[in-house]
Amino acid sequence: MSALDSLTLTEIPPEDEALRAPVRAFLAEALKDVPAHVRAKSWSGYDPAFSRKLGAQGWLGITLPPAYGGGGRSAFARYVLVEEFLNWGAPVGSHWIADRQSAPLILRYGTEAQKQRYVPPICRGESYFCIGMSEPGAGSDLASVRTRATPNGTGWLLNGQKIWTTNAHHCSHMIALVRTSGAPEDRQKGLSQLIVDLKAPGVRVRPITDQSGDAHFCEVFFDNVQLDPDALVGAEGKGWEQVNAELAFERSGPERLFSSIVLFDQWATWVRQDGRTPAAERLAGRIVCALAPLRAMSVAVTERLTRGESPLVEAALVKDLGTGVEQLIPAAIADDLFSRPEGSVPLGLLQTLDYVTQVAPSFSLRGGTREILRGMIARGLGLR
Ligand SMILES: Cc1cc2nc3c(=O)[nH]c(=O)nc-3n(C[C@H](O)[C@H](O)[C@H](O)COP(=O)(O)OP(=O)(O)OC[C@H]3O[C@@H](n4cnc5c(N)ncnc54)[C@H](O)[C@@H]3O)c2cc1C
C-alpha cells in the first residue's frame, strides 16, 4: 500500500459551508472598487488594514483555540474562508503565513508564554510572521542551512543570512530554521527553530524586486543578533521534524490551485459576455476539469489535517499538480486572446494577464520546487 491510498474524497461539512455567504457579502463590498489586475495578487497582496478587518470579523486564526483569540473551528472552516479570499482576490498577504502556519506551529510546539504572547495578535490581524528557511546555497537542500544560533549566557547569538523571505520587510517576526549544534555536514541533526524579532539590533532586511516590479521577498542578514532564551520554539535539535510538519500546511491549501483564478474568472466572464468562441468554450471546460479534481484532493488533505495527521506526500502531490494548472491558465488564456483580432480584448483583461504571466514561473518554485516534490511523491509511491 502506498502513502497515497489514504487520500479519500470528503465533503466540507454544512456548518462550514455556511460561512461562504457572509464572507462573500463582506468581500463583494470590500473589493468592489479594486481592479482585477490588483486583486490577482491576492495572497501576495500586502494590506494590514484589510487583515485587521478580517481579524475583527473573527476570520483569522479560525482553527485556533478561543483561549488564544482563535475561532475554535475546524480546518474545513478555514478552507472555506481561504477559498473565498483567493477566489475574490482579497489582499491577504500580510497575515497569510502567520495564520496558515506560524500560529499553528507555535500552538503545537511553543511554551505557554509563547502561545499567549504571539497567537492573540495574529488572530487580530496585527502581527505578521515570515518563514526563514531558504538561504543562499540551501533552498531545495534545506538540511544544509548555515545560519547559526550559538547559546550564550543571555540566550542565543544569531549569525547568518536568509533569502527569498516573503514579506520580511513587513513582518514583526520570522520563524527561522537555524543550526544550533554540529556542522552543516550533520545535515538534519542540530537544526532548531527560533522566533526572531526582526526589529532586533543586528537584523538587516533588504527587499528583492521580481520581474513584475514588486518587492515581496527579501534577503535577511543576521549580524550578532542577541535573542532571548525563549526564542527557541519547540525542542532544540528538532527543527527538521517541526519544519516538515509545517510543510503539509504550506503545500496543500487552495493557494496552490487558485493563484491564477482571478485571471480565469475575468477571462471567463468576458468570454461569456462578448468573446464566446468554440475554442474558448473548450478551454474553459479544460481548465474547470483540471481544477475540480485537484480541489477535491486539496479538501481531502484538509480532512487528514483535521485528524492531526501530517500528510506530506499527499500535500506535495496537490502542490505539484495544482501549480501545473496555475501555470497552464495564463499560458492558455494568452494563446486564446492573442488569436483574436487586435483591439477586441479589453485592456483590463490584458493587464491581469500581464501580471499573472510574469509571476507564474514562481508558482512551481515557492514552497518547494517541482523536481523536489516529484522526488517526494516517487518516494511515497515506493518508486525510489
Ligand atoms: C515567490 C517565492 C517566495 C518564496 N518565499 C520564501 C519564504 O518565504 N521563505 C523561504 O524560506 N523561502 C522562500 N522561497 C524560496 C523557495 O522555497 C526556494 O526558491 C526553493 O525551495 C528552491 O530553492 P533555490 O531557489 O535555492 O533553488 P535550488 O535548490 O538551487 O534549485 C535550482 C533548481 O534545481 C532543481 N533541483 C535542486 N535540487 C534538486 C534535486 N535534488 N533533484 C532534482 N532537481 C533539483 C530545483 O528543482 C530547481 O529547479 C520563495 C521562493 C519564491 C520563488
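Counting convention: from 1, in listed order, for ligands and their atoms alike. Below, each value reflects all heavy atoms present in this structure, side chains not excepted, and no hydrogens, waters or symmetry copies.
Remark: Glu326 CD to Ser259 OG distance equals 3.0 Å, nearest 0.5 Å.
Residue-to-ligand polar distances keep Glu135 apart from ligand 1: every N/O pair is separated by 3.5 Å or more. In terms of N/O distances under 3.5 Å, ligand 1 is not approached by Arg366. Looking at ligand 1, you'll find an N or O of Met133 within less than 3.5 Å of one of its N or O atoms. The shortest N or O to N or O distance between Arg370 and ligand 1 is not below 3.5 Å.
Among His216, Glu371, Arg374, the residue whose heavy atom lies closest to atom 45 (C) of ligand 1 is Glu371. Compare Asp214, Thr369, Val359, Asp141 by their heavy atoms: the one nearest to atom 46 (C) of ligand 1 is in Thr369.
Exactly one of Arg100, Arg366, Lys319 qualifies for a salt bridge (charged side-chain N to carboxylate O under 4.0 Å, His left out) with Glu255. That residue is Arg100.
Ring centroid separation for the pair His173 and Tyr118 comes in under the 6.0 Å cut-off.
Using a 3.5 Å distance cut-off with no hydrogens or angles, the side chains of Asp47 and Ser94 do not pair a donor with an acceptor.
A salt bridge links Arg24 to Glu84: one of the charged nitrogens lies within less than 4.0 Å of a carboxylate oxygen.
Taking every heavy atom of Ile131 and a limit of under 4.0 angstrom, the matching atoms of ligand 1 come to 7 (C), 8 (O), 9 (N), 10 (C), 11 (O).
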